[in-house]
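To start, the structure itself, in structure tokens.
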Amino acid sequence: MSNIVLAQAAAEQAVNLNPGLAAIGYGLGAIGPGIGVGLIFAAVINGTARQPEAQGKLQGIGFSTFVLTEVLALIGIVIYFIASAG
């Protein structure tokens, strides 16, 4: 057989691993924002327990940093869809 026929046969049998690897990458990438959200709200609870009159200010700061942390997870899922579409 010629090399061209062998190359075509190998290309037809190739498996696209990109979607699976993209899912693993997103799963690993979602760990960071998950830990970050936990630390943010732990700090808000701790600060509220220490100084109850600052609860409103701490909650505002907590939710704004929560949004910034979750943006990282949303960027990760967009990159996952881009990588798995190939």
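Predicted model only: the values in this text are computed from it and were never measured.
Residues satisfying the side chain to side chain donor-acceptor pair (under 3.5 Å) test with Gln55, not counting sequence neighbours, are none. Residues satisfying the side chain to side chain contact (heavy atoms under 4.5 Å, CB included) criterion with Leu74, sequence neighbours excluded, are absent altogether. In this structure Val37 satisfies the side chain to side chain contact (heavy atoms under 4.5 Å, CB included) test together with Phe41, Phe66, Thr69, Glu70, sequence neighbours excluded.
To the nearest 0.5 Å, atom CD1 of residue Ile40 and atom OG of residue Ser64 are 8.5 Å apart.
Screening residues 19-30 for side chain to side chain donor-acceptor pair (under 3.5 Å), with sequence neighbours left out, gives no hits. For residues 39-52, the pairs satisfying side chain to side chain donor-acceptor pair (under 3.5 Å) are Asn46-Arg50, Gln51-Glu53, with sequence neighbours left out.
The shortest non-hydrogen separation linking Ala49 to Pro52 is O-CD, 4.3 Å. Here the shortest heavy-atom pairing between Ala83 and Ala22 reads CB-CB, 3.9 Å. The two residues Gly62 and Val44 have their closest heavy-atom pair at CA-CG2, 3.8 Å.
Under a 4.5 Å side-chain heavy-atom cut-off, the cluster of Ile, Leu, Val, Met, Phe, Trp and Tyr residues that includes Leu39 is completed by Ile24, Leu28, Ile31, Ile35.
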